Amino acid sequence: MPYLDLNLNLTKEQEMTRKTVHEFARDVLRPASLELDKLDPEDVIAKDSIFWKVFKQGYEIGLHKILIPEIYGGGGFSPLEVHMLFEEISWGSIDFMIAFGVACFPAFLSSMVPNDYLVNTFILPFCEDKEAKIIGCWAITEPDHGSDTLAPFTAQFSLPECAGSCRARLEGDEWVINGTKAAWVSCGTVATHAAVYLTIEPEMGMAGGGICIVPLDLPGVSRGKPLNKLGQRALNQGEIYFDDVRVPKENMLVEQDSYEALLDITLSTANACMGAFFTGVARACYEEALEYCKQRIQGGKPLIEHQLVRYKLFHMFKLVEACRYFSRAVMEFNFNTNPPYTQYSIASKVFCTQAAFEVANEAVQLCGGYGLSKESTVEKLFRDARAGLIEDGSNDFLALVAGEALVGGE
Ligand SMILES: Cc1cc2nc3c(=O)[nH]c(=O)nc-3n(C[C@H](O)[C@H](O)[C@H](O)COP(=O)(O)OP(=O)(O)OC[C@H]3O[C@@H](n4cnc5c(N)ncnc54)[C@H](O)[C@@H]3O)c2cc1C
């Protein structure tokens with residue numbers, strides 16, 4: 001491995017699994033995401049796009065089910081193993097990592113509050129899928145509600161004026177859904193199923209919600225165009241519209257009484273994962289810069305022979321290592337703690353995404369003009385890292401949510 005793992009207790013099997021996933025990330029995910037980055041968003045998901053070949057290869061080796069418990073046919077990995085694999089996949093491509101992550105999200109959530117109907121019709125087939133036939137997404141953001149949706153257990157979450165606009169009402173044995181989820185829904189353009197975060201009781205504000213698994217081939221579902229954006233361009237995103245969509249009652253995982261608690265677990269899990277993901281991004285930037293500085297000659301010797309360059313590389317190395325061990329500790333703690341201490345997951349997400357952006361910025365600087373050119377890998381990594389400061393909650397707002405927990409002593 002290009003880095004030394006400070007955990008002396010890793011087994012040979014864990015190291016082998018990491019090596020296999022690292023090689024897939026290096027040989028398949030990285031080159032494909034660099035190629036897809038240059039395309040228009042429509043072309044990324046076109047029938048003949050390399051996206052589909054690579055996504056299917058990922059399903060074949062089980063990258064879509066890393067988070068799912070073994071009893072359902074999932075990866076059954078420990079939190080430490082999940083972290084190691086997520087770091088490797090993200091090192092290769094944060095775009096594909098997010099795509100595999102959200103693909104898994106509805107099945108992962110369903111496995112947390114399982115009922116026989118969803119286990120048999122959805123979770124088991126998802127885990128058996130080797131051809132990317134079942135793709136999930138996480139539909140929470142709305143055109144008029146971004147940060148509002150990610151503030152469980154804060155004062156603003158219960159304000160009626162903050163209630164979401166995508167609504168569900170119960171009619172007999174079916175939920176009827178109306179409204180729109182934002183263009184930011186990752187895999188929103190290609191998903192077959194969505195975990196939709198809905199408002200059931202608007203008087204309770206955002207807290208009056210529910211989470212429903214919605215098959216996206218139902219009558220009344222339609223999609224927007226793939227979003228055109230700055231970074232993570234191999235990750236497709238797009239709006240989903242619901243017009244009187246009828247879903248069986250069993251598909252509603254939680255209603256108002258436990259919505260806030262499951263949202264809190266969602267946020268804690270997603271932010272803990274983001275810590276692992278952006279450790280991988282930070283490491284990719286550091287390694288690219290290190291290699292370049294060994295090759296590029298200035299002042300009659302390789303850049304790495306200059307003292308200031310070494311100083312900068314050391315600072316980048318230090319940040320990558322800090323990301324890995326903080327985000328690992330948070331993932332191991334919060335994946336084993338119910339209810340989770342979400343402020344730790346938020347701290348991990350905010351720290352690692354900021355560190356990744358800082359390391360990416362230094363990597364561009366060390367690569368000089370080449371770092372700005374479309375031929376360099378760091379140019380893409382810099383844009384990818386920038387998106388991380390907003391993705392899964394804007395860092396500023398997440399800090400306010402975590403801050404409220406600190407004040408409340410929760
Ligand atoms: C790459 C990427 C992938 C994403 N994937 C998904 C996905 O899979 N599913 C999904 O549903 N969404 C997804 N999102 C959406 C993402 O979660 C939202 O963009 C994020 O929550 C911020 O919401 P917003 O963009 O509406 O910004 P806003 O909420 O409008 O915030 C704008 C600015 O105002 C600040 N702000 C907001 N409220 C307050 C406040 N009360 N006090 C002080 N400052 C405040 C914020 O910090 C931010 O700087 C994704 C976003 C990105 C960039």
Side-chain angles (χ1 to χ4, degrees), residues 33 37 41 44 90 93-106 108-109 135-159 161-162 164-166 179-191 193-199 205-206 209 211-212 214 216 223-224 226-242 263 266-267 269-271 273-274 277-278 281 346 349-350 353-354 356-357 380-404:
S33 68
D37 178 63
V44 169
S90 309
S93 162
I94 182 67
D95 338 51
F96 274 105
M97 179 66 255
I98 301 284
F100 289 124
V102 294
C104 162
F105 214 76
F108 167 70
L109 271 184
I135 302 171
C137 68
W138 177 33
I140 183 165
T141 310
E142 297 178 2
D144 295 332
H145 296 281
S147 302
D148 290 355
T149 63
L150 293 175
F153 302 122
T154 64
Q156 80 168 56
F157 207 62
S158 300
L159 298 175
E161 57 268 36
C162 282
S165 315
C166 196
T180 302
K181 288 293 170 183
W184 291 107
V185 175
S186 302
C187 281
T189 52
V190 298
H193 291 74
V196 188
Y197 287 54
L198 297 150
T199 296
M206 276 289 164
I211 304 175
C212 191
V214 182
L216 296 175
R223 327 264 185 141
L227 180 74
N228 201 354
K229 63 185 194 291
L230 177 82
Q232 301 181 25
R233 291 176 59 82
L235 169 70
N236 73 88
Q237 296 181 279
E239 265 171 335
I240 308 179
Y241 311 104
F242 302 91
L263 172 65
T266 306
L267 182 61
T269 306
N271 271 204
C273 291
M274 289 287 278
F277 298 168
F278 281 84
V281 174
I346 290 176
K349 188 268 176 176
V350 170
T353 52
Q354 279 174 351
F357 185 60
K380 173 184 184 295
L381 290 171
F382 176 79
R383 286 183 284 109
D384 290 349
R386 183 63 186 85
L389 305 179
I390 296 170
E391 189 172 19
D392 257 352
S394 120
N395 281 4
D396 299 331
F397 185 75
L398 288 174
L400 296 179
V401 174
E404 196 151 326

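One-based numbering, in listed order, for ligands and for the atoms of each. The figures here come from the full heavy-atom set of this structure, side chains too, leaving out hydrogens, waters and symmetry mates. Everything numeric here is computed off the predicted structure, so don't read it as measured data.
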With respect to atom 23 (O) of ligand 1, which of Cys187, Ala99, Gly146 exhibits the smallest heavy-atom separation? Gly146
Does the protein come close to atom 2 (C) of ligand 1 - that is, does one of its heavy atoms sit below 4.0 Å from that atom? yes
Would you say the side chains of Thr189 and Asn236 form a donor-acceptor pair under 3.5 Å? yes
Under-4.0 Å heavy-atom contact between protein and atom 35 (C) of ligand 1: no
Counting from 1 in the order shown, the ligand 1 atoms closer than 4.0 Å to a non-hydrogen atom of Gln232 are 1 (C)
Counting each atom of ligand 1 from 1 as listed, which ones have a heavy atom of Gly393 under 4.0 Å away? 17 (O), 21 (O)
Min N/O separation Ser147 to ligand 1 under 3.5 Å: yes
With heavy-atom distances below 4.5 Å as the criterion, would you say the side chains of Val44 and Pro226 are in contact? no
Would you say atom 21 (O) of ligand 1 makes contact with the protein, given that contact here means a non-hydrogen protein atom less than 4.0 Å away? yes
Does Gln156 approach ligand 1 within less than 4.0 angstrom via side chain, backbone, both or neither, non-hydrogen atoms only? side chain
Judging by distance only, is a nitrogen or oxygen of Trp184 under 3.5 angstrom from one on ligand 1? yes
Any donor-acceptor pair under 3.5 Å linking the side-chain atoms of Ser93 with those of Asp95? yes
In ligand 1, which numbered atoms sit nearer than 4.0 Å to a non-hydrogen atom of Asp396? 47 (O)
Quick one: are Phe277 and Glu391 in side-chain contact, heavy atoms under 4.5 Å? no
Do me a favour and list the nearest non-hydrogen protein atom to atom 48 (C) of ligand 1 with residue, atom name and distance? Ser394 OG, 3.6 Å
How long is the span from the CZ atom in Phe242 to the NZ atom in Lys181, to the nearest 0.5 Å? 8.0 Å
Determine whether the side chain, the backbone, both or neither of Leu400 has a heavy atom under 4.0 Å from any heavy atom of ligand 1. side chain
For the atom pair CH2 (Trp138) and CD1 (Ile211), what is the distance rounded to the nearest 0.5 Å? 10.0 Å
The protein heavy atom nearest to atom 5 (N) of ligand 1 is Ser186 OG, 2.8 Å
Enumerate the atoms of ligand 1 whose separation from the nearest heavy atom of Asp392 is less than 4.0 angstrom. 17 (O)
Arg223 with Glu239: basic N within carboxylate O range, under 4.0 Å: no
Measuring from Cys187:SG to Phe100:CZ, what's the distance to the nearest 0.5 Å? 9.0 Å
Is the backbone N or O of Cys166 less than 3.5 Å from a side-chain atom of Glu142, with the two atoms forming a donor-acceptor pair by type? yes
For Lys229, is at least one N or O under 3.5 Å away from an N or O on ligand 1? no
Considering non-hydrogen atoms of the protein only, which is the closest contact for atom 39 (C) of ligand 1, and what is the distance? Phe397 CD1, 3.5 Å
So, the side chain of Arg386 versus the backbone of Phe382: is there a donor-acceptor pair under 3.5 Å, distance only? no
Answer side chain, backbone, both or neither: which part of Gln237 comes under 4.0 Å from ligand 1, heavy atoms only. side chain
Report yes or no: does Gln237 contribute a side-chain atom to a donor-acceptor pair with the main-chain N or O of Ala183 at less than 3.5 Å? no
Can you measure from CG (Asp384) to CD1 (Ile94) and round to the nearest 0.5 angstrom? 7.5 Å
Interfacing atoms of ligand 1 (cut-off 4.0 Å, heavy-atom, Ile140): 10 (C), 11 (O)
To which of Thr141, Asp148, Leu230, Ile390 does the heavy atom nearest atom 19 (O) of ligand 1 belong? Ile390
Can you list the ligand 1 atoms lying under 4.0 Å from a non-hydrogen atom of Trp138? 7 (C), 8 (O), 9 (N), 10 (C), 11 (O)
Do the non-hydrogen side-chain atoms of Leu267 and Leu398 ever get within less than 4.5 Å of each other? yes
Under 4.0 Å to a heavy atom of Leu150 - the qualifying atoms of ligand 1, by number: 21 (O)
